[in-house]
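Each chain gets a letter, A, B and so on, in the order the sequences are listed, and its residues count up from 1.
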Number of protein chains: 2
Amino acid sequence: MASPNDTHSGHTPEELKAAMEAFHQRLRDAGLKSTRQRDVIVELFFTLDKHITADELLDEVREIQPRIGYATVYRTLKLLVEQDLALPKDFGDGQTRYDPIFDQDPGHDHIICVNCRKIAEFSDDIINTRIQEIAEEIGFTLRRKKLELYAECHNPECVAAQKDKK
Amino acid sequence: MASPNDTHSGHTPEELKAAMEAFHQRLRDAGLKSTRQRDVIVELFFTLDKHITADELLDEVREIQPRIGYATVYRTLKLLVEQDLALPKDFGDGQTRYDPIFDQDPGHDHIICVNCRKIAEFSDDIINTRIQEIAEEIGFTLRRKKLELYAECHNPECVAAQKDKK
DNA sequence: GTATATGCAAAGTGTTTGCAAGCGA
DNA sequence: TCGCTTGCAAACACTTTGCATATAC
């Protein structure tokens, strides 16, 4: 069944450590270097653990290493995406957001309120299973999916704000 | 069950006419004007009936009205989106694509080959129903969904091209 | 007649790239 | 050392906006 999680589930320190290790391993495998900047960016990225924009991440990163440039953040995010450690998302507001992928993370989906822009997450086995079947039926091997629901939330504040508008 | 449709289903002339009428009606309702340019753009948009980019649409439009500028195309597409006659899509290649919405169109979803970028469409009732249920369970009223599957297609050409790469 | 729409060019926005200097393996 | 990385600024690609002119209602 659907398991909504409004707040981000929050990964344990062990999972964070595993993610960092995975990152370093992939760097080595690809013959790339581990640097102070990359570590700061990636660790923050996994720690914050939310659909973050490059810009937001840069802000956080600069609190620790003020001289890091946006190019480095963009390049690191691109690297994470290539290594399947991050998933780019586009919710239609012009900026790409990135979701960290923890090992074996089955992935969650999003439901976005079209009014207040609040984002909730959910994960549903029926859908996940069905999607897999469909890809096979059509003759594809599924790699990943993107499922976003745009809806109106029933949050009293949001409902009231909508009423006022009219 | 899933009904894949590689080629676009193609809407009948009646549906096209209905879409144009809907467009004109919404213009009137909003106190906006019907112009030669808008008609050309919107008619082509519904006729071509595919996830088109602003750029591609402009090319087509200019074959009929060479002096139309891209600003007009962008503005018209934005108008269509506001009027729920078009749906913006982002497949991650940097450009926004737009899908026409025909009246009562239940909407289709996309499966995109991560290698050759070929896009196929499908529609599945199990998923559509389940999505509706989930939104309700979480306390949202569903407005629209975005479902994209990224996968590897089994097209011989594509498979071969991938092998050559390695 | 008047408010909206157009075409053009210029400005914006988010993201990528070129390059000299810096740094990790 | 040697090649990958960084920071900066400039370049980019797509989209939006300002403004004078044109046009629909």
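- Nucleotide dT6(C) holds its C1' atom 14 Å from the CG atom of Asp39(B), rounded to whole Å.
- Within the structure, every side-chain polar atom (N or O) of Thr35(A) is placed at least 4.0 Å from both OP1 and OP2 of dC23(C).
- Atoms NZ (Lys33(A)) and C1' (dC4(D)) sit 4 Å apart, rounded to a whole Å.
- Per the geometry, CZ belonging to Arg67(B) stands 14 Å off C1' belonging to dA9(C), to the nearest Å.
- Phe102(A) and Phe46(A) have their aromatic ring centers within a separation under 6.0 angstrom.
- For Leu79(B) and dT17(D), the CG to C1' distance is 17 Å, given to the nearest whole Å.
- The CD atom of Gln37(B) sits 18 Å away from the P atom of dT21(D) (whole-angstrom rounding).
- For the pair Arg36(A) CZ and dC23(C) P, the computed distance is 7 Å after rounding to whole Å.
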Kindly give the atom pairs (protein nitrogen or oxygen, nucleotide nitrogen or oxygen) under 3.5 Å for nucleotides 14-17 of chain C.
from, atom 1, to, atom 2, distance (Å)
dT15(C), OP1, Thr96(A), N, 3.0
dT15(C), OP1, Thr96(A), OG1, 3.1
dT15(C), OP2, Tyr74(A), OH, 2.5
dT15(C), O5', Tyr74(A), OH, 3.4

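- Salt bridge status for Asp90(A) with Arg97(A): absent, with no side-chain N to carboxylate O gap under 4.0 Å.
- Here Arg143(B) pairs with Glu152(A) in a salt bridge; the nearest charged N to carboxylate O distance falls below 4.0 Å.
- When the C1' atom of dT6(D) is taken as reference, atom CD1 of Ile41(A) falls 10 Å away, rounded to whole Å.
- The interatomic distance linking Leu27(A) (CG) with dA25(C) (P) rounds to 9 Å, in whole Å.
- Between Lys50(B) and Glu121(B) no salt bridge is recorded (no basic side-chain N to carboxylate O distance below 4.0 Å).
- Of the side-chain N and O atoms in Ser34(B), none sit less than 4.0 angstrom from OP1 or OP2 of dA24(D).
- The pair Lys17(B)-Glu43(B) does not count as a salt bridge, with every side-chain nitrogen at least 4.0 angstrom from each carboxylate oxygen.
- A salt bridge is absent between Arg144(B) and Asp84(B): the closest approach of a Lys/Arg side-chain nitrogen to an acidic carboxylate oxygen does not fall below 4.0 angstrom.
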